[in-house]
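Reading through the structure tokens given below for one structure.
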Amino acid sequence: MSDFLPTGIQLTYLVAASLFILGLKKLGSPATARNGNVIAAVGMLLAIVATMLDQHVLNYEMILLGLAIGSAIGAIAAYKVQMTEMPQMVGLLNGLGGLASALVAVAEFWRFLDTGSPVPLDINISMLLDVLIGGVTFTGSFLAFAKLQGLISGSPITFPLQQPFNLLLLGAYVAGSAYLVITPDSLPVFLAVVAVSLVLGVMFVIPIGGGDMPVVISLLNSLSGIAAAAAGFVVMNNMLIIAGALVGASGIILTEIMCKAMNRSLFSVLFSAFGSGGSSAAGGAAAGATDQTVHSIDPEEGAMMLGYARSVVIVPGYGMAVAQAQHSVRELADQLERMGVDVKYAIHPVAGRMPGHMNVLLAEANVPYTQLYDMEDINPQFEQADVALVIGANDVVNPAARSDSNSPIYGMPILEVDRAKHTIVIKRGMSAGFAGVDNELFYKDKTTMLFGSAKDMVSKLVSEVKQL
């Protein structure tokens with residue numbers, strides 16, 4: 001039995017890793033994402049059970065207590081946190097993952113210090129990398145949470161010589177790490193490098209504006225996985241290495257996809273201090289808007305345009321998320337379909353505040369997956385659409401990205417709603433989007449503005465369409 005146990009644990013790890021990969025594959029589509037999540041969760045359950053059977057686990061009481069507390073917190077959060085607050089929740093989970101990994105390295109260092117055992121070089125390097133990545137992930141994710149939650153300004157925070165200061169901090173960490181490789185039992189130096197890693201996480205996120213938060217969340221998610229993999233090397237656990245590597249790799253791939261969707265490099269996202277942090281909820285004059293004409297309508301006119309159309313493309317944005325209007329949008333779509341209107345949804349990769357934000361919100365409202373179209377698939381269809389209904393989206397539908405070489409969003413792939421026969425934009429006012437630039441779509445002859453809260457306006461459209 002004692003000979004079989006280690007082999008059985010490793011075989012269980014292999015099965016769990018296979019389930020992780022299968023789960024990730026299914027997460028690539030909204031139609032299979034729920035099953036993918038369940039499959040990956042089963043894999044994690046197997047990995048936890050196998051780890052608890054390991055002979056190195058000595059204190060089952062503390063582990064079970066931690067599981068009970070964590071499960072309770074997770075269950076409460078799942079019920080209490082609104083779908084519109086999921087980006088903040090993801091930020092918190094990324095941060096806690098980084099903290100857990102860093103604490104593994106700290107505990108292992110303390111164990112070597114307490115026993116007086118020599119620290120192997122590979123373990124020492126793994127601990128130092130784990131502290132760096134985990135510390136940066138922890139404080140960076142919590143700062144991203146604070147920006148998304150509105151606890152601090154979403155605008156980029158910069159100061160003179162910021163990058164040299166960051167390089168100085170990184171150099172201090174490298175110097176401290178080099179010293180610890182030579183003198184691995186120096187507690188003050190170890191605590192110093194831990195502190196530096198936490199400061200680096202803050203410095204990493206503060207110069208990044210709200211418009212880049214989807215990319216930052218994706219990157220921090222990747223870092224939390226890499227930190228977990230480093231923790232796996234510290235405690236020599238294959239399952240932790242595999243799981244962390246999968247999260248790290250998928251996060252990097254998603255980050256690259258998000259950057260491509262914004263036509264920006266990861267370097268520019270991290271170091272160009274781009275994005276104003278979002279528009280205000282109340283309307284105001286858009287930046288750069290002077291004497292251009294805006295055509296506004298009321299819900300009755302909007303309902304007539306929608307009800308008598310043959311095809312309507314709905315473009316959801318963060319304004320829909322803030323107003324929690326997804327259920328009203330689904331009701332409007334159902335009503336239009338009863339009148340014979342073909343309804344589709346156009347999803348931009350960076351609409352909202354995290355990857356897949358719009359897909360999650362629409363799934364909550366039971367919008368059929370078959371009606372959701374990615375940007376590449378829906379753009380060729382806008383010319384045949386009678387009406388494009390934009391609900392709270394801004395930068396992702398701005399034609400300046402296509403036509404104005406001086407615009408900071410020039411070259412960013414957009415949803416080409418301006419090619420539809422008519423465009424209705426639901427928005428509180430004329431304020432700019434996350435990028436802080438004026439949207440020339442609002443002033444086009446084929447565009448009409450329906451001013452007000454997304455939920456209120458969509459509800460009024462539903463009421464008016466029913467009367468047609």
Side-chain angles (χ1 to χ4, degrees), residues 6 9-10 13 47-48 50-67 69-70 94-142 166-204 220 223-245 247-248:
I9 289 173
Q10 296 304 318
Y13 282 167
I48 291 173
T51 301
M52 291 185 67
L53 292 174
D54 195 311
Q55 59 183 346
H56 295 95
V57 178
L58 302 177
N59 195 328
Y60 288 99
E61 292 80 5
M62 292 299 294
I63 291 176
L64 291 173
L65 178 62
L67 282 172
I69 295 173
N94 287 341
L96 292 174
L99 176 62
S101 299
L103 287 176
V104 168
V106 172
E108 194 69 4
F109 177 86
W110 198 270
R111 184 178 69 84
F112 279 113
L113 198 66
D114 188 50
T115 60
S117 305
V119 184
L121 180 62
D122 56 340
I123 299 296
N124 199 353
I125 293 175
S126 297
M127 284 193 299
L128 292 168
L129 287 174
D130 196 10
V131 165
L132 175 62
I133 302 170
V136 168
T137 305
F138 171 55
T139 52
S141 296
F142 270 70
N166 291 342
L167 289 175
L168 182 64
L169 284 175
L170 187 58
Y173 190 92
V174 172
S177 298
Y179 182 85
L180 285 169
V181 169
I182 301 171
T183 313
D185 59 348
S186 177
L187 180 60
V189 176
F190 183 78
L191 294 178
V193 298
V194 170
V196 170
S197 72
L198 298 176
V199 175
L200 277 170
V202 175
M203 300 305 299
F204 171 66
L220 289 170
L223 290 178
S224 70
I226 297 173
F233 282 105
V234 171
V235 298
M236 302 301 292
N237 184 282
N238 292 333
M239 188 69 260
L240 197 54
I241 295 171
I242 294 171
V247 173

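Nearest heavy atom pair, residue A245 against residue A229, reads N-CB, 3.9 Å. Shortest non-hydrogen contact noted between V104 and V235 is CG1-CG1, 3.6 Å. S224 approaches V247 most closely through the heavy-atom pair OG-CG1, 4.3 Å. Listed here is the closest heavy atom pair of Y13 and A47: CE2-O, 3.7 Å. Closest approach of P118 and F112 over heavy atoms only: O-CE2, 3.8 Å. Nearest heavy-atom pair, A102 versus G135, reported as atom, atom and distance to 0.1 Å: CB-N, 4.2 Å.
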Q: Might you work through the side-chain contact (heavy atoms from CB on, under 4.5 Å) test for F204 and T139, ending with a clear yes or no?
A: CA-CA 9 Å; F204 171 66; T139 52; over 6 Å; no
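I9 contributes atom CD1, which lies 7.5 Å from atom OG1 of T51 (distance to the nearest 0.5 angstrom). In this structure, F233 CZ and I123 CD1 are separated by 9.5 Å, a value rounded to the nearest 0.5 Å. Note: Y173 OH to L168 CG = 15.5 Å, rounded to the nearest 0.5 Å. The line from CH2 of W110 to CG of L113 is 6.5 Å long, rounded to the nearest 0.5 Å. Between the CD1 atom in I48 and the CD1 atom in I63 there is a gap of 10.0 Å [rounded to 0.5 Å]. Put simply, CG on L169 and CE on M203 are 7.0 Å apart, with the number rounded to the nearest 0.5 Å.
Of the residues listed (I125, L129, L128, N124), the one engaging S177 in a side-chain contact (heavy atoms from CB on, under 4.5 Å) is L128, and it is the only one.
Contact annotation: the side chain of L132 approaches that of L200 to within less than 4.5 Å [non-hydrogen atoms, C-beta and beyond]. When side chains are defined from C-beta on, L180 does not count as touching M127, because their heavy atoms never get closer than 4.5 Å. Within the 4.5 Å cutoff, the side chain of I69 has heavy atoms near those of the L65 side chain.
Applying the salt bridge (charged side-chain N to carboxylate O under 4.0 Å, His left out) test to residues at least two apart or on different chains, the pairs with a partner in residues 96-120 are E108-R111.
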Can you give the donor-acceptor pairs under 3.5 Å from side chains of residues 183-199 to other protein atoms, not counting sequence neighbours?
{"unit_1": "S197", "atom_1": "OG", "unit_2": "V131", "atom_2": "O", "d": "3.4"}
{"unit_1": "S197", "atom_1": "OG", "unit_2": "V194", "atom_2": "O", "d": "2.6"}

